[in-house]
Amino acid sequence: MSIRALELLFFLYFASHIPITLFIDLQALLPEHVYPQQLKDLLRWYADEFKDPMMLDPPEWFKSFVFCEAVVQMPFFPIAAYAFLKGGCRWIRTPAIVYSTHVATTLLPILSHILFHQFPEKPHPGPQSQRERWLLVSIYAPYLLVPMLLLLTMLLSSTYSPRPAAGSARAKKKR
Ligand SMILES: CC(C)CCC[C@@H](C)[C@H]1CC[C@H]2[C@@H]3CC=C4C[C@@H](O)CC[C@]4(C)[C@H]3CC[C@]12C
């Protein structure tokens with residue numbers, strides 16, 4: 001894949017993450033009266049359709065991740081969307097490495113919970129069959145895969161490799 005195609009993928013990922021976080025994810029954290037009925041219905045539809053009880057009665061550890069999403073990740077989304085749409089912005093490298101490492105880590109407990117937890121049938125049914133577990137995994141998986149791809153791109157691509165400092169031996173050799 002060309003670097004421009006990757007940048008556009010990252011742009012789409014971050015741009016779409018903004019409304020998803022504001023309108024859906026934060027419902028797991030904020031009091032009900034903050035949200036209009038249509039958005040509450042949308043979350044209910046999603047949670048019923050894909051058997052995601054974590055969003056309707058979130059365990060404390062899940063809430064702590066949504067909290068990170070709101071205060072740590074959310075401010076980064078518009079900045080990253082801008083940088084990747086523009087393309088070739090080296091200054092996004094370090095924040096992107098911090099972001100991708102953090103998010104990939106939060107996805108491990110979430111995915112293993114989806115795959116291995118014995119979900120009760122009430123009050124909100126979770127995935128029971130193997131098929132339902134993998135369906136829910138497929139919704140969360142992009143939030144592991146895209147950050148991993150982002151991390152590898154930042155570490156390996158020459159477009160994003162840091163330039164040696166001006167006075168350094170490496171810089172002098174290059175001249
Ligand atoms: C069908 C439409 C309307 C709703 C789709 C909602 C999906 C995209 C939402 C529901 C729950 C959300 C997840 C909730 C918690 C986290 C942990 C955080 O560290 C990274 C984002 C991540 C992984 C969210 C990604 C988006 C998510 C999977």
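All ligand and atom numbering here is 1-based and tracks the order in the structure. Predicted model, so just to flag it, every value in this text is computed and none were measured. Residue indices begin at 1 and follow the sequence shown.
Inclusion of Gln73 in the set of residues having an N or O under 3.5 Å from an N or O of ligand 1 is warranted.
Of all atoms in ligand 1, listed by their number and element, those nearer than 4.0 Å to a heavy atom of Met55 are 11 (C). Atoms of ligand 1 found under 4.0 Å from any heavy atom of Tyr143, numbered from 1 in the order shown, are 8 (C), 23 (C), 25 (C), 26 (C).
Side-chain atoms of Glu7 come within 3.5 Å of backbone atoms of Gly88 as a donor-acceptor pair (strictly under, hydrogens ignored). Gln73 places no side-chain N or O within donor-acceptor distance of the main-chain N or O of Thr21, the cut-off being under 3.5 Å. Side chain of Arg90 to main chain of Ser161: a donor-acceptor pair is present (N/O by atom type, distance under 3.5 Å, no hydrogens or angles).
Applying the ring-ring contact (aromatic ring centres under 6.0 Å, His included) rule to Phe62 yields no partners; only residues at least two apart in sequence or on another chain are considered. Evaluation of the ring-ring contact (aromatic ring centres under 6.0 Å, His included) rule for Phe119 yields His113, His117 as partners, not counting sequence neighbours.
Residue Thr106 comes nearest to Phe65 through the heavy atom pair O-CE1, 3.5 Å, listed as atom of the first residue, atom of the second, then distance.
Residue contacts with ligand 1 do not include Met54, since none of its heavy atoms lies under 4.0 Å from the ligand.
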Check against side chain to side chain contact (heavy atoms under 4.5 Å, CB included), Gln128 and Lys51: CA-CA 9 Å; Gln128 304 291 338; Lys51 301 253 169 76; 5.9 Å; no

Ring pair (Phe, Tyr, Trp, His ring centres under 6.0 Å) evaluation trace for Tyr143 with Tyr13: CA-CA 9 Å; Tyr143 299 89; Tyr13 170 87; 5.7 Å; yes

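If you check which protein heavy atom lies closest to atom 17 (C) of ligand 1, you get Ile110 CD1, 3.9 Å. In terms of protein heavy-atom proximity, atom 14 (C) of ligand 1 is closest to Phe62 CZ, 3.8 Å. At the shortest separation from atom 22 (C) of ligand 1 among protein heavy atoms lies Glu69 OE1, 4.3 Å. Nearest protein heavy-atom neighbour of atom 13 (C) of ligand 1: Tyr140 CE2, 3.6 Å. Among protein heavy atoms, the minimum distance from atom 27 (C) of ligand 1 is reached at Asp25 OD1, 4.0 Å. For atom 19 (O) of ligand 1, the closest heavy atom belonging to the protein is Thr106 OG1, 2.9 Å.
Of the listed residues (Phe65, Phe67, Tyr46, Phe50), the one carrying the non-hydrogen atom nearest atom 10 (C) of ligand 1 is Tyr46.
Distance screen at 4.0 Å: atom 2 (C) of ligand 1 has no protein heavy-atom neighbour inside the cut-off.
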